[in-house]
Peer 1: 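To start, I am sharing the structure in question, which I have written as structure tokens.
The chains referred to below are lettered A, B, ... by the order of the sequence lines, with proteins before strands, and numbering in each begins at 1.
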Amino acid sequence: MATELAKAYDPKAAQERFLREWEDKGYFRSDPDGRKPFTIVIPPPNVTGALHMGHALNNTLQDVLIRWRRAQGYNALWMPGTDHAGIATQAVVERLVFAQEKKTRHDLGRDELVRRIWDWKGRYEARILGQLRQMGASCDWRRTRFTLDDTCARAVRETFFRMFRDGYIYRGKRLVNWDAHLQTSVADDETYTEDTKGGFWTFKYPVNGVTDTYIRFSTTRPETMLGDTAVCVHPNDERYKSLIGKTVTIPLNGRTIPIIADGQLADPELGTGCVKVTPAHDPNDYACWQRHPEIGIINILNPDGTLNDAGGEFKGMDRYKARDAVAKKMEELGFFEGKEDRVVPLKYSDRSKTPIEPLLSDQWFVRMGDRDDGKPSLAQMAMDAVTSGRVKFFPERYKDGYLAWLGEKRDWCISRQLWWGHRIPVWVLQRTWQTDDEYKWHPELVEKIAKWKQEGRLDSKDTEDDVMVDRMLVCVRDEGDTEVTEALEKFGFFRRDPDVLDTWFSSALWPHSTLGWPEPTPEVKYYYPTSVLCTSRDIITLWVARMVLTGLYNLNDIPFHHVYIHAQLQDAFGERMSKTTGNGIDPLDIIERYGADALRFQMVALAGDTQDSRVAVSNVCPHCDTLVPIKQEHLKGRTKKLACPNCKKPFRPGGPWTSDDPELMTAKQASERFDQGRNFANKMWNATRFLLLNLDGYTPGPVDVAALPTEDRWLLSRLATTTKEVTAALEAYKFSEVARLVYDFVWSEFCDWYIEMSKGRLKDPAAREPAQRVLAGALDGILRLVQPVMPFVAESLWQALNEAAPERGLPAPAKAEESVCIARWPAYPDAWIDAGVETRFARMQELVRGVREVRNRYQVDDKTRLDVAVKCADAVAADFNVLAAFIGPLAGIANLTAGPNTAKPKQAGGIVRPEFEAYVPLAGLIDPAAEAKRLEKQIADKRKALDAIRAKLANEKFVSGAPPEVVQQQRESAADLEKQVAALEENLKDMQAA
RNA sequence: GGACGUGUAACUCAGCGGUCCAGAGUGCCCCGCUUACACCGGGGGAGUCGGGGGUUCGAAUCCCUCCACGUCCACCA
């Protein structure tokens, strides 16, 4: 006697038990061997905090692929890890430190801040990996990497060195968002724009050589006039055409600057149609300067926001003071034309809440574009990999964005003015030209550098820049090469670049750095290129493109064959889920309430090939467990207290805001969408439970498929079809299809029909044995199919089944694997797929449904029901002898023993079931008027359909143009409809008579 | 401004040229404590497939256009 299962599935118990068991058994470990590899590298989550629903989706899909391929016999490796996420992490920790100790990073110093971040990383990485485990992610945890660990650091330095040596990395100027208060640059996503009161001044510059001619322009920042290097008009603007090429003089300092034409910068419709150009302090003007480098570029600001030497008499003045002073001076000189107050959008630093200044600074870049020295363009390489089909996108449309972005070939700025990250391995020697005579490069060092360069231990380049500085840049290949680094440090005029690398620089190497590159490890050889990368579309450019690029550059091979882009999750209002908006859900909340299987099932179910998917979020009332849907007005912290509509008690909506009232309980978050997955797990649990209760006397043995009764052959046909379709769906990354196929087969076919039909057979000694074998064999297949999506419930049931029927399977039994995680993916003979059997079975289903409908609709007694069944059964006479045994029970009739019935007695007040041409006496059981109305509607609907088909069939083009099977099928439909309409009309007559 | 996506039953979505006289789950109405499951079973009602135009023998499905919503990118002297 097998152990009896509990009445309902308990996800928590299963998760606890099997997470440990799987880990202990090491099922998910992978090492290179003779099998074919299947590899996925995880998109490393940021160590900034916790995983959200987007991660749940992303990782579930990867796990489905990994588990499925593992079952197929591949050596499957899912490489886990996390990302140091430079700016985001440093900002989080800085905020925390400031909140707790009122200290800024400058108070702590670089080393201490970095140490604090490492502490933070230790805690949050553990939490994130824990969440992944809870979801059942079958990663090889021994291989967990971090983008800032030693292995990854090695790859970063090697890549940087090679790119530096090959001339792909260069030092250049770029405008950054400068926070003058914190004296640091901030990333675009660390700024916000706010409408701010400001001025809108209009001035004029005198045009040289033309008397009494001025050029007028407007600005919101008059002080930048000190850094103007041109004024610009549209080339087609008739008003200024004659002035192009002439010069103007800036009255403030007497500098002469040209009037240039640039269609991209000047808009004749706006303002005066003329713009001043300050390349060093405005992004657009900077872009203009890049198109017209001859105009020059002048930086007027010091890092603290005061004016530098270029400010002339305004030098040392704060930029805001200078703004008024400059405007005043212009007015005194007579070049002021007017000022209006205006609200302008102004960029602020999120960190200091002070206005951003665009500031020119030294940055490192990776050259993406074409080169004239014959070396390949990195962007072009990455584009070719996709256009040639070596890297394929699923869905394919996403490749357009990838190609368009790379096609711009914009150089990649890789330096960040941060402390948390890979430091740029470059030492800088500089000498200013003013002191040229007094100062030379140290000859001993220069000699050493030349030698080391020869040996490949470093590379060096000389550069000049516009502020009269001459530099030697020395890139060190290996920081552990102390002979080199110490020598460099010894000559004090070297300083190491304080910047760190963009976090994407290290993530770009992820597919090979995690495998140990640049070491020639067995892993790199075996697992690279990886099989598929699974991510969402927002980082196709930032991440995917760069992985392709570095993979090709470093290993001369693509990093992955496929890129699967899944949907982005949104809330019920179509807005992106995020912690700060308060519409996000913690996957652990869902796991706790619904189980990991339910979470996973739903994630798979919503992964269609659309680009967005919505999940409505509800708060769970902490008092009475009612689900309270979140409304739009609750978001963004606007609502801090909600009353439960059920128990009326107050609670705080789930989200990141602190409550004003610490006593107020916080709601967990949930969504009714997960009911389906939870219920499905329970359904399978109970189907197995039923089987185990009926497995007494089970003996393993082969089944002769051809000799099996119709219902068995139907089930096997459906099982074989479903297995095939699920496999095909997985191959095509159609995840929602996988969920649908499995769900429908298990619930609507296996449970609703086959199990119901087996109930009678299990009581019949002769039929019991094959029924048990088919049931056990089918369930075995089902669990294998379900395992990638819902591993916990699958494993629970697999192991329970292992106790009762360790040898099972179709058509012949075999010893089952000890865990469903290592069970082979099923495959059944195509010969099992039998359209004839399926058609006959479908007729039987229609019949049973027809009988049920009559019963329910008309509240008829058993005798009438039996009558209906017997008469309807004529319609499936061919199978009646086989299936009659089921029709009665399935239709809820105690005994159905009558044989085929050919007589069709008729009496007023009956109903014809048109599908089966059977007449049922119903006198007194129905309301004739209501029934007549219903029939009229049905007749009208069917007539309409019939007319449409007749019109089609009358059309010669259709008959000759459409595929023959379609024409044939339409003919059959028409005949069918005709019969039905006739039967219904007969019915209607009866109703009207009665 | 550009690119992409979405708009199908009250809700969430599937279907993406004929196999759909339009499907599923939830919710709704009726019946059912039938010995796997009330996280259940059976039945029912519910949609002019966002609007308009076109291509086609045939359109929810392809094209154009408009409307609404969303995401990303660019830009706003």
Side-chain angles (χ1 to χ4, degrees), chain A residues 5 7-9 193 200 217-221 224 232 265-267 270-278 282-285 344-345 397-398 400-401 404-405 537-538 540-541 567-568 570 572-576 594 598 605-606 608 610-616 629 671-673 675-694 736-737 740 743-744 748 751-752 755-756 759 848-849 852-857 859 889-892 894 938 941-949 951-952 954-963 965-967 969-970 973 977 980:
Chain A
L5 291 178
K7 235 183 148 173
Y9 174 50
T193 304
F200 190 72
F217 58 89
S218 300
T219 180
T220 56
R221 295 185 295 161
T224 59
C232 174
L265 185 66
D267 180 349
L270 272 173
T272 63
C274 173
V275 215
K276 63 193 226 34
V277 186
T278 323
D282 182 278
N284 298 308
D285 296 0
V344 291
R397 73 181 118 91
Y398 288 111
D400 296 340
W405 186 81
R537 69 182 184 287
D538 50 337
I540 290 175
T541 52
Q568 254 173 25
Q570 304 177 330
F573 319 105
E575 285 189 46
R576 199 178 161 175
Y594 301 92
L606 61 73
T610 171
Q611 68 178 12
D612 307 303
S613 277
R614 296 182 181 193
V615 179
S671 170
E672 286 172 13
R673 277 196 98 173
D675 285 348
Q676 193 184 17
R678 180 199 52 190
N679 295 353
F680 184 41
N682 192 54
K683 186 73 179 177
M684 287 191 286
W685 175 272
N686 274 292
T688 306
R689 182 163 177 263
F690 165 80
L691 178 55
L692 295 180
L693 291 170
N694 286 284
S736 59
E737 194 110 319
R740 210 199 75 238
Y743 183 92
D744 286 348
S748 311
C751 291
D752 285 355
I755 284 189
E756 289 311 317
K759 284 177 178 172
V848 169
R849 289 192 183 114
R852 286 169 177 170
E853 190 193 330
V854 170
R855 172 180 62 157
N856 281 317
R857 189 183 287 284
Q859 297 293 299
L890 288 173
Q938 275 191 17
D941 285 352
K942 302 219 180 213
R943 271 253 167 79
K944 217 173 117 191
L946 183 56
D947 289 346
I949 296 183
K952 250 193 222 181
N955 187 325
E956 205 180 306
K957 280 185 185 166
F958 170 70
V959 177
S960 56
E965 64 272 18
V966 171
V967 176
Q969 180 263 324
Q970 292 289 316
S973 295
L977 280 171
Q980 291 181 27

Peer 1: Send over the distance from Glu853(A) CD to rC30(B) P, rounded to a whole Å.
Peer 2: 18 Å

Peer 1: Between protein and nucleotides 25-27 of chain B, what N or O pairs are separated by less than 3.5 Å?
Peer 2:
none

Peer 1: Is it possible for you to check whether Lys683(A) lies under 6.0 Å from the centre of the six-membered ring of Tyr743(A), through NZ or CZ, and within 45° of that ring's axis?
Peer 2: no

Peer 1: Side chain of Arg740(A) only, heavy atoms from C-beta on: which candidate in rA14(B), rC39(B), rG42(B) is closest?
Peer 2: rA14(B)

Peer 1: Please give the distance between the C1' atoms of rC20(B) and rG58(B) as a whole number of Å.
Peer 2: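 Between the two C1' atoms, the distance is 13 Å.
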
Peer 1: Take Thr220(A) and Asn686(A), find for each the nucleotide of RNA chain B with the closest heavy atom, and name the residue whose nucleotide sits nearer the 5' end.
Peer 2: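 Closest to the 5' end, via its nearest nucleotide, is Asn686(A).
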
Peer 1: Is the phosphate of rG41(B) approached by Lys683(A) (side-chain N or O, under 4.0 Å from OP1 or OP2)?
Peer 2: yes

Peer 1: For rA38(B) and rU26(B), measure between their P atoms and round to the nearest Å.
Peer 2: 15 Å

Peer 1: Does rU34(B) have its OP1 or OP2 closer than 4.0 Å to a side-chain nitrogen or oxygen of Lys759(A)?
Peer 2: no

Peer 1: From the options rC39(B), rC37(B), rG43(B), select the nucleotide whose nearest atom is closest to the side chain of Glu756(A).
Peer 2: rC37(B)

Peer 1: Would you mind classifying the nucleic acid contact of Arg673(A) as base, sugar-phosphate or nothing, using non-hydrogen atoms under 4.0 angstrom?
Peer 2: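 The residue Arg673(A) makes sugar-phosphate contact but no base contact.
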
Peer 1: Just to confirm, is there a sub-4.0 Å distance from OP1 or OP2 of rA77(B) to any side-chain nitrogen or oxygen of Lys276(A)?
Peer 2: no

Peer 1: In whole Å, measure the gap between the C1' atoms of rC40(B) and rC33(B) for me.
Peer 2: 10 Å

Peer 1: Using the side-chain heavy atoms of Arg678(A), tell me which of these nucleotides is nearest: rC39(B), rA77(B), rG43(B).
Peer 2: rC39(B)

Peer 1: Can you tell me, in whole Å, how much space there is between the C1' of rC16(B) and that of rC75(B)?
Peer 2: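 Between the two C1' atoms, the distance is 36 Å.
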
Peer 1: Using the criterion of both pairing distances under 3.5 Å for Watson-Crick and G-U wobble pairs, give all stems of 3 or more consecutive pairs involving RNA chain B.
Peer 2: B:1-7 with B:67-73, B:10-13 with B:23-26, B:28-32 with B:40-44, B:50-54 with B:62-66

Peer 1: Does rC4(B) have OP1 or OP2 sitting under 4.0 Å from an N or O in the side chain of Arg397(A)?
Peer 2: no

Peer 1: With nearest nucleotide decided by heavy atoms, which residue, Asp282(A) or Asn856(A), maps closer to the 5′ end of RNA chain B?
Peer 2: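 With Asp282(A) and Asn856(A) compared, the 5'-side residue is Asn856(A).
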
Peer 1: Can you check the Asp285(A) CG to rC75(B) P distance for me, whole Å?
Peer 2: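 Roughly 13 Å, once rounded to whole Å.
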
Peer 1: Please report the distance separating the C1' of rG47(B) from the corresponding atom of rA22(B), rounded so that it comes out in whole Å.
Peer 2: 8 Å

Peer 1: Where the side chain of Thr219(A) is concerned, which of rU71(B), rA77(B), rA36(B) is the nearest nucleotide?
Peer 2: rA77(B)

